[in-house]
Structures are given as structure tokens and as C-alpha cells.
Amino acid sequence: MEYGRYAGNGAMVERFADKVAIVTGAGSGIGLATARRLFAEGAAVIATVFGEDQLPSVGAFDGHVMDVRNEADWDRVLAHTEKAHGGLD
């Protein structure tokens, strides 16, 4: 299944090529839809979920369990983003 936008010639529009995004709540709903759209349009996506049971739903994304209220979790995910992707756009 493809989620991106297409140019008039049928080519995928990659508005977020070479960009890195963290999407919280990516296990379902709006968070998952946002992660899919960013990925389809070229972004490297770090998808965070609240519980380990939600990790399978993030599939090909760089998935992490994270409680957005926990500063240590943010530090861990941001450090990973810096190391794996050179930072956040």
C-alpha cells in the first residue's frame, strides 16, 4: 500500500526527502497515519509507541517504546536519533 502524493506525471512527491521526523503515538490512529505519510514522502521516521505490544504496528519504521511524559525517554530517543540519523529536522 502506498500513502504518498503523486505529481501529475505519476511520480511520487518526496517533500520530506533527507528529513528525519519523530512521531509520537505511532502505534495507531493519527500517529500511525502521520508516520506512514512522512515515510511515503521520503522522511526517515522514528516512530514511538507507549507500550511494547504496539511495536509490531510500526513495521518498517525505526520503532521505540517511549512515554512522552518521561524526560529520560526523550533523552534516549533523541540520542538514538542523533546517532542513527545525524539529528532531527
| request: Please identify each residue that fulfils ring-ring contact (aromatic ring centres under 6.0 Å, His included) with His64, with sequence neighbours left out. | output: His80

| Any pair counted as salt bridge (Lys or Arg N to Asp or Glu O under 4.0 Å), so long as it reaches residues 75-88, sequence neighbours left out | Asp73-Arg76

| request: Any chance you could measure Leu32, atom CG, to Gln54, atom CD, to the nearest 0.5 Å? | output: 10.0 Å

| said: Looking at every non-hydrogen atom in both residues, tell me the closest pair between Ala26 and Ser57 and how far apart they are. | reply: O-OG, 4.4 Å

| request: Report yes if the side chains of Val65 and Phe50 come closer than 4.5 Å at any heavy-atom pair, otherwise no. | output: no

| query | For the hydrophobic clusters of this structure (ILVMFWY residues joined by side-chain heavy atoms under 4.5 Å, transitively), does one cluster hold both Val23 and Trp74? | reply | no

| said: Is there a side-chain contact (heavy atoms from CB on, under 4.5 Å) between Val45 and Asp62? Walk through the geometry before answering. | reply: CA-CA 6 Å; Val45 176; Asp62 186 356; over 6 Å; no

| query | Are Val49 and Met66 co-members of a hydrophobic cluster defined by side-chain heavy atoms under 4.5 Å apart? | reply | no

| note | Taking every heavy atom of Ala21 against every heavy atom of Leu38, the minimum-distance pair comes out as CB-CD1, 3.8 Å

| said: I need the Arg15 CZ to Glu41 CD distance, nearest 0.5 Å. | reply: 4.0 Å

| Excluding sequence neighbours, so at least two apart, what forms side-chain hydrogen bond (donor to acceptor under 3.5 Å, both in side chains) with Asp67? | Arg69

| request: Please list, chain by chain and in numerical order, all residues satisfying ring-ring contact (aromatic ring centres under 6.0 Å, His included) with Phe39, sequence neighbours excluded. | output: Phe61

| field | Contact list for residues 14-38, test ring-ring contact (aromatic ring centres under 6.0 Å, His included), sequence neighbours left out | value | none

| task | Under the side-chain contact (heavy atoms from CB on, under 4.5 Å) rule, collect the residues that match up with Thr81, sequence neighbours excluded. | result | Val20, Ile22, Ile46, Val77, Leu88

